[in-house]
Amino acid sequence: MFKKKRMHHARKLVISTDRKSIVAEQIRTVRANIKFAMKDKECRTLLVTSTSIGEGKSTIASNIAISFAQEGQKVLLVDADLRKPTMHYTFNKPVSPGLTNFLMSNWCLSNVLKDSGVIGLDLITCGPMPSNPAELLGSSTMNIFLEETISLYDLIIFDAPPLLSVADAQILSAKCDGTILVTSSGTTEKRNLYKVKEVLEVSNAHVLGIILNHFKLEKNHYYYEYYGEKD
């Protein structure tokens, strides 16, 4: 879906900067599919994770959050990757204070919220990186965080670490209404997908679907013809 980039500043918020592009339309399709997948239950908390590092989960989580905000919903985007946070780079905000200040130091929610610069979207960055991320995400304080944020927002989206690297995403997926898995075209191994399936089944996660990232469309694809995409 997205072309692979390596620099932090290249994490493009395409849904905001180029709303008529193919990628922006794909993000809106993801938004619609999330709604269809949760038609029998309201989705208030959404987890975005991946099989391994470098598959673009953080970029996708950011664009999905903006897409819902553009629709008029009040959205909170939370950097729950407490080992390798990136949301402060994406939105050009300080990493602290953030989620870990709330979880470890009893900060008020209002003191860790940040204005994302997008109407309808608030941001909570990681905060100081802790020594016990998995324990924090599974704590009773995290449950309190969820209760407080659900009372204030229509949708809370968590950017979590890759599932096969650490237990963090598995723990958090059990607390969220839905989980989206990001994979990378041409690089994600099939055996890793089977492992992820087992991990999510153990945690009773509600998997809404898989997003295939870094897929390159051919120039004669109908999307190009429909949207008039140019080099």
Side-chain angles (χ1 to χ4, degrees), residues 2 4-19 23-24 27 30-31 44-50 53-133 136-137 141-142 144-146 148-162 166 168-169 172 176 180 182 213:
F2 294 87
K4 183 179 279 187
K5 302 290 184 180
R6 296 184 178 180
M7 300 298 289
H8 290 305
H9 65 265
R11 290 193 177 93
K12 295 185 180 297
L13 302 178
V14 180
I15 192 67
S16 182
T17 60
D18 193 3
R19 297 181 67 168
V23 174
I27 291 294
V30 169
R31 181 184 68 194
R44 302 296 302 281
T45 52
L46 179 66
L47 179 76
V48 180
T49 183
S50 60
I53 61 173
E55 294 183 310
K57 64 175 179 60
S58 299
T59 302
I60 288 180
S62 301
N63 279 278
I64 291 175
I66 294 173
S67 179
F68 274 99
Q70 288 175 344
E71 196 182 40
Q73 296 200 42
K74 189 176 182 182
V75 183
L76 176 64
L77 178 61
V78 182
D79 195 339
D81 192 337
L82 307 185
R83 301 169 191 265
K84 194 177 180 182
T86 60
M87 287 300 172
H88 57 293
Y89 290 120
T90 303
F91 290 89
N92 195 26
K93 303 290 180 180
V95 67
S96 296
L99 179 61
T100 56
N101 293 97
F102 183 97
L103 298 179
M104 296 190 300
S105 304
N106 298 316
W107 282 46
C108 293
L109 182 63
S110 59
N111 290 334
V112 299
L113 287 171
K114 293 181 175 69
D115 181 359
S116 72
V118 176
I119 296 174
L121 176 63
D122 285 340
L123 173 70
I124 294 182
T125 53
C126 170
M129 282 184 280
S131 59
N132 57 339
L136 286 177
L137 294 175
T141 311
M142 187 65 199
I144 293 172
F145 176 84
L146 286 167
E148 287 194 26
T149 53
I150 287 173
S151 69
L152 297 172
Y153 293 90
D154 298 316
L155 177 64
I156 301 100
I157 298 178
F158 294 94
D159 174 32
V166 290
D168 305 15
L172 198 50
C176 291
I180 290 178
V182 177
N213 202 12

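Heavy atoms only: backbone and side chains are in, while hydrogens, waters and symmetry mates are out.
Side-chain contact check for L121 versus I119: every heavy-atom pair is 4.5 Å or farther apart. In this structure the side chain of M142 never reaches within 4.5 angstrom of the side chain of L136, judged on heavy atoms. For the pair V78 and L123, the minimum side-chain heavy-atom distance is 4.5 Å or more. The closest side-chain heavy-atom distance from R44 to L155 is not below 4.5 Å. With a 4.5 Å cut-off on side-chain heavy atoms, V48 and V182 count as touching. The closest side-chain heavy-atom distance from L82 to M129 is not below 4.5 Å. Inter-residue side-chain proximity for F145 and I150 is flagged as unmet; no heavy-atom pair is nearer than 4.5 Å.
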In residues 91-109, what donor-acceptor pairs under 3.5 Å come from side-chain atoms, sequence neighbours left out?
from: K93; atom 1: NZ; to: D115; atom 2: O; distance (Å): 2.9
from: T100; atom 1: OG1; to: C126; atom 2: O; distance (Å): 3.2
from: T100; atom 1: OG1; to: P128; atom 2: O; distance (Å): 2.7
from: N101; atom 1: OD1; to: G98; atom 2: N; distance (Å): 2.7

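A donor atom on one side chain and an acceptor atom on the other are not found under 3.5 Å apart for S62 and T90.
At distances below 3.5 Å, at least one donor-acceptor pair connects side-chain atoms of D79 with backbone N or O atoms of M87. Without hydrogens or angle criteria, S16 side chain to L13 main chain gives no donor-acceptor distance under 3.5 Å. No donor-acceptor distance shorter than 3.5 angstrom exists from the side chain of S50 to the backbone of E55, with no hydrogens or angles considered. Side chain of N63 to backbone of I15: a donor-acceptor contact under 3.5 angstrom is found.
Not counting sequence neighbours, the partners of E71 by the salt bridge (Lys or Arg N to Asp or Glu O under 4.0 Å) test are R31, K35. Partners of T45 by side chain to side chain donor-acceptor pair (under 3.5 Å), not counting sequence neighbours, listed by chain and number: D177. Legend: residues meeting side chain to side chain donor-acceptor pair (under 3.5 Å) with D154, ordered by chain and number and at least two apart, are absent. For K84, the side-chain contact (heavy atoms from CB on, under 4.5 Å) partners at least two apart in sequence or on another chain are D81.
The CG atom of L46 lies 12.0 Å from the CG atom of L76; values are rounded to the nearest 0.5 Å. Rounding to the nearest 0.5 Å places CD1 of I156 at 8.5 Å from CG of L152. Of the inter-residue distances, the one linking I60 atom CD1 with S67 atom OG reads 12.5 Å to the nearest 0.5 angstrom.
Residue-environment remark: CD1 (I53) stays at or below the threshold of 12 foreign heavy atoms within 6.0 Å.
The shortest non-hydrogen separation linking A169 to A160 is CB-CB, 3.9 Å. Taking each heavy atom of A61 and D159 in turn, the nearest pair found is CB-CB, 4.3 Å. Shown here for S58 and T86, the closest heavy-atom pair between the two residues is OG-OG1, 3.2 Å.
Residue pairs meeting the salt bridge (charged side-chain N to carboxylate O under 4.0 Å, His left out) criterion with at least one member in residues 116-132, sequence neighbours excluded, do not occur.
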- Task: Apply the test side-chain contact (heavy atoms from CB on, under 4.5 Å) to residues L77 and I124: give CA-CA distance (whole Å), side-chain angles for both, the deciding distance (0.1 Å), then the verdict.
- Result: CA-CA 6 Å; L77 178 61; I124 294 182; over 6 Å; no

- Task: Please test F158 against L172 for side-chain contact (heavy atoms from CB on, under 4.5 Å), starting from the C-alpha separation and ending with a verdict.
- Result: CA-CA 9 Å; F158 294 94; L172 198 50; 4.0 Å; yes

